[in-house]
Amino acid sequence: MQRDKFFKVIENVRHPNEKLIKTHCSYCGMQCGMNLRVDTKTNKIIGVEPRYEWPVTVGKMCPKGVTAYQQTNHKDRLLRPLIREDTSLKGTKEGFREASWDEAYDLIARKFKALQAEFGKDSLSVFSGVSMTNEKCYLTGKFARVAMQTRYIDYNGRFCMSSAAGGFLRSFGVDRGSTLPWTDLHETDCLFIAGSNTAECHPTSMFRVWAVQERGGYLIVADPRETPIARRADIHLDLRPGTDLALANGILHLLIENGYTDPEFIEQHTNGFEETKELVKEFTPEKTSEITGVSPDKIIRAAEIYGKAPNAVVMFARGIEQQVKGVDNVSAYTNLALVTGKIGRPKCGVATFTGQGNGQGGREHGQKSDLLPGYRKLTNPKHVEEVCQVWGITPEEMPKPGVSAYEMIELMMNKTIKGLYLLCSNPAVSAPNQNFVRAAFKNLDFMVCADFYLSESAEYADVVLPAVTWSEDEGTVTNLEGRIIKINKAQEPLGESKPDWQIQVELAERLGRGQYFRHLKTARDVADEFRLASKGGYADYYGATWDKIEKQDGVFWPCKDEKDPGTPHMFLDKKFYHPDGKAKICALPYRPPAEEPCEQYPLRLTTGRVVYHYLSGNQTRRIPFLRDMCPEPYVEVHPETAKRYGIEHEEVVRLYTRRGESFYKVKITEAIRKDTVFVPYHFGHEKSINLLTNAALDPISRMPEFKACAAEIERIAVREVR
Ligand SMILES: Nc1nc2c(c(=O)[nH]1)N[C@H]1C(S)=C(S)[C@@H](COP(=O)(O)OP(=O)(O)OC[C@H]3O[C@@H](n4cnc5c(=O)[nH]c(N)nc54)[C@H](O)[C@@H]3O)O[C@H]1N2
Ligand SMILES: Nc1nc2c(c(=O)[nH]1)N[C@H]1C(S)=C(S)[C@@H](COP(=O)(O)OP(=O)(O)OC[C@H]3O[C@@H](n4cnc5c(=O)[nH]c(N)nc54)[C@H](O)[C@@H]3O)O[C@H]1N2
Ligand code: SF4
Ligand SMILES: [Mo]
């Protein structure tokens, strides 16, 4: 529909007493621009419309975005704190009673203090997430270290962005998810996209992808499944799950062999080329094909297309990152841009599809076990000193680095960690190896969970605190480009719910640490302190004031001061962030997945997403339209594989691995490899595919291998399924 026609239509349906609040979607890293429609009589959100003037998504939204507003006044909202009365019912929705905030805070403070008095400061932990604003993410890091005084804090980005972060840090010396703005993408000549189901997971990027092809450019997609984007690709590299490192090395070898490199760029701006060239020699098209299962001619053609393209962008997502060699995969695909010099200029570069709404900002400001605001390191005394000055504590008081998200859960199991403050994550669905995770949560002495709906994880809590949705608070988030944008408040918090930052300021008071928090009276106060804390770090947000964000349609970090407009393109000066200013081309030997198929478990299981649901599904499973479109998980099986097992479409089968089992309806589809099965992970309790997944961790990013493990299907008596 044309823009003007569209506006006529929506003007007609506008409520007489209606105001529009300019904001962005609550869900993925695209952060589509939207207006929330608010009834000025009731001051309640009543709907949404897209924002055409937003340069990144120009009026586009997906099915989740157009229904996101239905979260705010949903009947399932938690309106008051809950206290668990019956601990024998842990792990269920039952056994809670409503309580006042005072009572909840008193109980939390009493329990936390008692655990720390008996078992030391580090007996407590914080597990958080990045669906929160930068201000909340920043304050959560400070709250853990200054108010709870524990070393144990980590967050759901460990399951999401940590391999991309690790790979970019190694290759470039800096981790900004995209080296170029999205508004360049449609103008490039070749998109090489690996392990991203873009059309379902970042749908509002697709018009730029199609534009590349419409202009005569090329699309190369590496994915074990024929996803919607793979279907339209010029080359679909249909590899076996977990074999990307061989594929990237094989393509790199051909780029070098066939003279597609940029020797001057390599010489002046990179290290590691010779060693890498030697290492990839053995990855001939035949050997690469043997490991990956992709035919040699496709590999040769992909290298030729990428090599010849005047401008090209290499992009990837969790398909390559959620592996025990996720960091290596990121560096290996990044190598393609570095040897060809297709980086550090417009329309060229490398980008990961950052997942969560604030997956970029949330990983930069201190929620990770080893990081402080501005991407400062806890292991660097100068960095610690700088943050201590803002926080008003001494370096001796700063807790040491902790451990990664899954490793924290292991410490809960062995009772090193006895208390947990969980917010903005639902690990009882989304963490790997669920049988273990759920037992670890049961093993805790005391658990607090802040959420706006009673999540599967909240069922394990002793106290549940009602948080607010994104539409009931303001602050900034950083989208997948590295652009800092503003989320605006459309409605007052429902019931007695409160924003997380306010909960933490009030709780700090009860924990006897109020002096470090009580000056923070509004989200803006937190924003000002946060900008200061990031100042001078390489993820410098100091110059990204709310006014500048408003004036310029967002601000790309780094943005050092009031005059600095920010940095849409990284490395235009060909200066990378390693001390010698050069990027690193990495020589990366091939490693197989942690668990390979065998006689007992002959199939490869991979997991991921569908367009209708978001992450653990705690938000989207409650939205009627989304639930109707995808009410339950299923297992994708190739027709030939189905025949071999004698199973039919929609029949329920038992799917199992070394760690667990679940029962799914079969979805027979030719869009998957014969040796691979796929299950979406947005469902809880006995339907969670994470009962089966492997918690093997990448040695650098500590990211679990959600994308590859060995599995088997068992035919069971056909139940009532049709
Ligand atoms: N609809 C929807 N959109 C979302 C989300 C959501 O939950 N729902 N979540 C957001 C978040 S937090 C994230 S992290 C992103 C995730 O975005 P994506 O990474 O695009 O999503 P996934 O479905 O996890 O996996 C992507 C693809 O990887 C493929 N794959 C599996 N194994 C391999 C492999 O070994 N190699 C390669 N090359 N590919 C493989 C899968 O077949 C799948 O098509 O999406 C964001 N957007
Ligand atoms: N098998 C498999 N497992 C996976 C993946 C996979 O591909 N396969 N992907 C992984 C990835 S990439 C990710 S990102 C993780 C995500 O997994 P989770 O961290 O579990 O993600 P969410 O479902 O977003 O959980 C956020 C929870 O916090 C609540 N919430 C939202 N906003 C706020 C807020 O501002 N404050 C508070 N207090 N609560 C809030 C929501 O209601 C929800 O219950 O899952 C990982 N797990
Ligand atoms: S879920 Fe992502 S793509 Fe869909 S409307 Fe929201 S931000 Fe846009
Ligand atoms: Mo994610």
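Here, residue 1 is the first one in the sequence, and each next residue gets the next number. None of these values were measured; they are calculated from a predicted model.
Aromatic rings from Tyr155 and Phe127 are positioned such that their centres are separated by 6.0 Å or more. Aromatic rings from Phe683 and His613 are positioned such that their centres are separated by under 6.0 Å. The distance between the ring centers of Tyr612 and His682 does not fall below 6.0 angstrom. Taking the six-membered ring where the residue is Trp, the centroids of Tyr27 and Tyr614 are separated by under 6.0 Å.
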For Asn134 and Thr478: C-alpha separation, side-chain torsions, deciding distance, then whether side-chain hydrogen bond (donor to acceptor under 3.5 Å, both in side chains) applies. CA-CA 8 Å; Asn134 284 311; Thr478 309; 3.2 Å; yes

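Residue pairs meeting the salt bridge (Lys or Arg N to Asp or Glu O under 4.0 Å) criterion with at least one partner in residues 219-233, sequence neighbours excluded, are Arg225-Glu636. Listed by first and then second residue, the ring pair (Phe, Tyr, Trp, His ring centres under 6.0 Å) pairs involving residues 202-231 are His202-Phe353 (not counting sequence neighbours). Here salt bridge (Lys or Arg N to Asp or Glu O under 4.0 Å) pairs that include residues 606-621, with residues two or more places apart or in two chains, are Glu456-Arg621.
Partners of Asp238 by side-chain hydrogen bond (donor to acceptor under 3.5 Å, both in side chains), not counting sequence neighbours, listed by chain and number: Lys298. Scored by the side chain to side chain contact (heavy atoms under 4.5 Å, CB included) test, Ala458 finds Cys449, Leu454, Ser455, Val464 as partners (sequence neighbours excluded). By the side chain to side chain contact (heavy atoms under 4.5 Å, CB included) test, Thr23 is found to be paired with Met34, Leu36, Trp470, Ile487, residues two or more places apart in sequence or in another chain being considered. The ring-ring contact (aromatic ring centres under 6.0 Å, His included) test applied to Tyr453 returns His74, not counting sequence neighbours. When the side-chain hydrogen bond (donor to acceptor under 3.5 Å, both in side chains) test is applied to Thr545, no partner is found at least two apart in sequence or on another chain. Every side chain to side chain contact (heavy atoms under 4.5 Å, CB included) that Thr354 has, sequence neighbours left out, goes to Met161, Thr352, Gln360, Arg363, Leu480. Every side-chain hydrogen bond (donor to acceptor under 3.5 Å, both in side chains) that Thr198 has, sequence neighbours left out, goes to Ser196. Judged as a side-chain hydrogen bond (donor to acceptor under 3.5 Å, both in side chains), and not counting sequence neighbours, Ser430 has no contacts.
A salt bridge between Glu472 and Lys489 is absent, with no side-chain N of the basic residue lying under 4.0 Å from a carboxylate O of the acidic one. Between Arg170 and Asp175, no side-chain nitrogen of the basic residue sits less than 4.0 Å from a carboxylate oxygen of the acidic one, so the salt-bridge criterion is not met. Salt bridge status for Asp154 with Arg158: present, with a side-chain N to carboxylate O gap under 4.0 Å. Electrostatic pairing of Lys347 and Asp184 does not count as a salt bridge here, judged by no charged N lying under 4.0 Å from a carboxylate O. Ion pairing between a basic and an acidic side chain is recognised when a charged N comes within 4.0 Å of a carboxylate O; Arg215 and Glu187 show no such pairing.
The shortest non-hydrogen separation linking Ala533 to Tyr138 is CB-CE1, 3.6 Å. Heavy-atom minimum distance, Lys22 versus Asn488: O-ND2, 2.8 Å. The nearest pair of heavy atoms linking Pro704 to Pro432 is CB-CG, 3.5 Å. Between Tyr577 and Pro558, the shortest heavy-atom distance links the atoms OH-CG, 3.6 Å. The two residues Asp500 and Ala450 come nearest to each other via the heavy atoms OD1-CB, 3.9 Å.
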Table please: side-chain donor-acceptor pairs of residues 59-68 below 3.5 Å, with sequence neighbours left out.
residue	atom	partner	partner atom	Å
Lys64	NZ	Val611	O	2.8
Thr67	OG1	Pro63	O	2.8
Thr67	OG1	Lys64	O	3.3

